[in-house]
Engineer: 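First the structure, which I've put down as structure tokens, then a few questions once you've had a look.
Below, chain A is the first sequence line, B the second, and so on; all start at residue 1. From a predicted model like this one, the values you see are computed outputs, not experimental measurements.
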Protein chains: 2
Amino acid sequence: MKNLEKIFKALGQATRLKMVFLLSEQELCVCELEHILQVSQSAISQHMRILKAADLVNEERRGQWVFYSLNKQVLSEQLQDFLKLLDMGLKAEGRMAEELERLQYLQENPIVECRIQN
Amino acid sequence: MKNLEKIFKALGQATRLKMVFLLSEQELCVCELEHILQVSQSAISQHMRILKAADLVNEERRGQWVFYSLNKQVLSEQLQDFLKLLDMGLKAEGRMAEELERLQYLQENPIVECRIQN
DNA sequence: TTATTAATTAAGCATATGCTAATATGCCCT
DNA sequence: AGGGCATATTAGCATATGCTTAATTAATAA
């Protein structure tokens, strides 16, 4: 889930989401993205670091230029898996053990009226 | 895309992502979420406002309690559509007209050496 | 080697975010 | 009406984020 969070966080920002759409068309180098998105080359680098950390893009240096391409495979798989996870029940999501426990406790011992009255 | 951004932003935060997983199991009221997630009731309310704004959850008042449920349909559709959009090319994403224009300009007038040399 | 260009990293700043405590609102029951 | 919960909203604060400019690092070419 830490992984999913990273992915969603990466996608949940206007500039980066645009980058993903742009890279879905074709690979682009930093200077091109800079020109298209109208932000500093430094900003591009920083966003790319985040997208890379989420494994959403690949980086390839070609001479002095660094070209980025979209990892469409990973993106697609992760989102599909997320949807599947949602259908499989909480036990499938290991990183929520604590919360699952508390949920189960509530199921057995309804904390308050909210469950009793209905 | 504004929409997608809102959705990804909503999902890209640990507490809210947990909420989504929890609600995928069953609907829950604020006081239950408070207990499960161990944050203040105010925090729950605020997060729910964001999830609601992204249309990811539905809210139903039952007496003094408000129950939230996951809008799995919407979530699933939006993510699928996003993946489809990525395959359809930029023209499909209307909100990127400006960037598309600049991309096309670059395609015709390679800005610098990066395209000429390779 | 030095100069030039591209990209990354660091520093700094303004704004956004996530949370809590305090207050207000809404719903139910006397 | 008035008291008692559950939830929402507000205010305030500490931290995170997105950006810029400045300083480094990397690669190429003279």
Side-chain angles (χ1 to χ4, degrees), chain A residues 2 5-20 23 27-54 57-69 99 106 110-118, chain B residues 2 5-20 23 27-54 57-69 99 106 110-118:
Chain A
K2 209 75 187 110
E5 191 193 329
K6 220 185 284 186
I7 289 176
F8 288 132
K9 200 165 290 194
L11 297 173
Q13 202 278 334
T15 308
R16 285 194 296 269
L17 189 49
K18 283 179 190 170
M19 285 171 156
V20 167
L23 293 176
E27 60 169 19
L28 293 163
C29 77
V30 176
C31 63
E32 292 174 310
L33 285 165
E34 189 183 344
H35 179 265
I36 296 171
L37 292 167
Q38 317 257 57
V39 296
S40 73
Q41 145 265 40
S42 165
I44 304 284
S45 265
Q46 293 173 66
H47 283 307
M48 278 309 169
R49 196 198 307 157
I50 290 169
L51 288 170
K52 226 176 8 173
V57 301
N58 290 119
E59 166 186 336
E60 191 193 329
R61 182 173 271 276
R62 251 175 253 156
Q64 10 181 5
W65 297 279
V66 176
F67 283 81
Y68 287 97
S69 58
E99 288 83 6
L106 280 190
I111 187 182
V112 271
E113 343 272 321
C114 67
R115 291 290 168 183
I116 296 163
Q117 305 203 314
N118 296 282
Chain B
K2 210 71 187 116
E5 192 192 328
K6 220 185 284 186
I7 289 177
F8 287 132
K9 200 165 289 194
L11 296 172
Q13 203 279 334
T15 310
R16 285 192 297 268
L17 189 50
K18 283 179 189 169
M19 284 171 158
V20 167
L23 294 176
E27 60 169 20
L28 292 163
C29 76
V30 176
C31 64
E32 292 173 311
L33 285 164
E34 191 182 343
H35 180 265
I36 297 172
L37 292 168
Q38 319 254 58
V39 296
S40 72
Q41 157 267 6
S42 164
I44 303 284
S45 266
Q46 293 175 66
H47 283 308
M48 278 307 170
R49 196 199 306 158
I50 289 169
L51 288 170
K52 227 180 0 174
V57 301
N58 289 118
E59 166 186 337
E60 191 193 330
R61 182 173 272 276
R62 250 175 254 158
Q64 7 180 9
W65 295 279
V66 175
F67 284 81
Y68 287 96
S69 58
E99 289 82 5
L106 279 189
I111 186 181
V112 272
E113 342 272 321
C114 69
R115 290 291 168 183
I116 296 162
Q117 305 203 314
N118 294 283

Engineer: List the atom of B:Ile50, the atom of B:Ala10, and the distance in Å for their closest heavy-atom pair.
Structural biologist: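 It is CG2-CB, 4.0 Å.
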
Engineer: Please give, in whole Å, the distance from C:dA16 P to B:Ile50 CD1?
Structural biologist: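 In whole Å, C:dA16 P and B:Ile50 CD1 are 13 Å from each other.
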
Engineer: The criterion is side-chain hydrogen bond (donor to acceptor under 3.5 Å, both in side chains); which residues satisfy it with A:Glu34, sequence neighbours excluded?
Structural biologist: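 Listed in chain order: nothing, the list is empty.
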
Engineer: What is the distance, rounded to the nearest whole Å, between atom CE of B:Met19 and atom C1' of D:dT7?
Structural biologist: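 It is 13 Å, rounded to the nearest whole Å.
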
Engineer: Which is more 5' along DNA chain D, the nucleotide nearest B:Val66 or the one nearest A:Gln38? Just name the residue.
Structural biologist: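 Residue closer to the 5' terminus by nearest nucleotide: B:Val66.
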
Engineer: Can you check the B:Glu32 CD to D:dA6 P distance for me, whole Å?
Structural biologist: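 One finds 11 Å between P of D:dA6 and CD of B:Glu32, rounded.
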
Engineer: Counting N and O atoms only, with roles assigned by atom type, does the side chain of B:Arg16 sit under 3.5 Å from a partner on the main chain of B:Lys9, one being a donor and the other an acceptor?
Structural biologist: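 Between the backbone of B:Lys9 and the side chain of B:Arg16 there is a qualifying donor-acceptor contact (under 3.5 Å).
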
Engineer: Return the nearest nucleotide to the side chain of A:Val39; candidates are D:dT20, D:dT10, C:dA7.
Structural biologist: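 Of the candidates, D:dT20 comes closest.
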
Engineer: Do you know which two heavy atoms are closest between A:Arg115 and B:Cys29, and how far apart they sit?
Structural biologist: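 Taking every non-hydrogen atom into account, NH2-N, 4.5 Å.
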
Engineer: Write down the distance between CZ (A:Arg115) and P (D:dC5), rounded to a whole number of angstrom.
Structural biologist: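 After rounding, the reported distance stands at 21 Å.
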
Engineer: Restricting to non-hydrogen atoms, name the atom on B:Phe67 and the atom on A:Cys114 that form the minimum distance, rounded to 0.1 Å.
Structural biologist: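 In terms of heavy atoms, the two residues are closest at CZ-O, 3.9 Å.
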
Engineer: Restricting to nitrogen or oxygen on both sides, can you table the protein-nucleotides 21-23 of chain C pairs closer than 3.5 Å?
Structural biologist:
residue: C:dA21; atom: N6; partner: B:Ser42; partner atom: OG; Å: 2.8

Engineer: Of the candidate nucleotides C:dG18, C:dT8, D:dT10, which contains the atom at the shortest distance from the side chain of B:Arg49?
Structural biologist: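 Ranking C:dG18, C:dT8, D:dT10 by closest atom to the B:Arg49 side chain puts D:dT10 first.
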
Engineer: Report yes or no: does A:Arg61 contribute a side-chain atom to a donor-acceptor pair with the main-chain N or O of A:Gly63 at less than 3.5 Å?
Structural biologist: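 Judged by distance alone, yes, a pair lies under 3.5 Å.
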
Engineer: Whole angstrom is fine here: how far is it from CZ in B:Arg61 over to C1' in D:dA6?
Structural biologist: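 From B:Arg61 CZ to D:dA6 C1': 7 Å.
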
Engineer: Check the phosphate of C:dT8 against A:Tyr68, side-chain N and O only, distance under 4.0 Å to OP1 or OP2. Yes or no?
Structural biologist: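 Yes, A:Tyr68 has a side-chain N/O under 4.0 Å of OP1/OP2 on C:dT8.
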
Engineer: Testing the basics here: between B:Tyr68 and B:Val57, what is the closest heavy-atom pair and its distance to 0.1 Å?
Structural biologist: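 Scanning both residues completely, I find the closest heavy atoms to be CD2-CG2, 4.1 Å.
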
Engineer: Taking the side chain as every heavy atom from C-beta outward, state whether B:Val30 and B:Met48 have any atom pair closer than 4.5 Å.
Structural biologist: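 B:Val30 does not reach B:Met48 side chain to side chain.
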
Engineer: Of all the choices, C:dT8, D:dA27, D:dC5, which nucleotide is nearest to the side chain of B:Gln64 once you look at every atom?
Structural biologist: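 So the nucleotide nearest the side chain must be D:dC5.
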
Engineer: Atom NZ of B:Lys6 and atom C1' of C:dT17: how far apart are they, to the nearest Å?
Structural biologist: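 In whole Å, C:dT17 C1' and B:Lys6 NZ are 17 Å from each other.
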
Engineer: Could you pull out the closest heavy-atom pair between B:Ala53 and B:Lys6, with the gap in Å?
Structural biologist: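 Scanning both residues, the minimum pair turns out to be O-CD, 3.7 Å.
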
Engineer: For B:Phe67 and C:dG26, give me the distance from atom CZ to atom P, rounded to whole Å.
Structural biologist: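 B:Phe67 atom CZ is separated from C:dG26 atom P by 20 Å.
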
Engineer: Please report, rounded to the nearest Å, how far the P atom of C:dT4 is from the CH2 atom of A:Trp65.
Structural biologist: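 That distance rounds to 16 Å.
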
Engineer: Mind checking B:Lys9 for me? I need base, sugar-phosphate or nothing, with any heavy atom below 4.0 Å counting as a touch.
Structural biologist: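 Contact class for B:Lys9: sugar-phosphate only.
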
Engineer: Distance check: side-chain N/O of A:Arg16 vs OP1/OP2 of D:dG18, anything under 4.0 Å?
Structural biologist: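 Checking A:Arg16 against D:dG18: at least one side-chain N or O falls below 4.0 Å of OP1 or OP2.
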
Engineer: Is DNA chain D part of any stem, that is, at least 3 consecutive Watson-Crick or G-U pairs with both distances under 3.5 Å, and where?
Structural biologist: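 Consecutive-pair runs (3 or more) involving DNA chain D: C:1-30 with D:1-30.
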
Engineer: Is a donor from one side chain sitting under 3.5 angstrom from an acceptor on the other, for B:Ser45 and B:Gln41?
Structural biologist: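 Result is no, nothing qualifies.
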
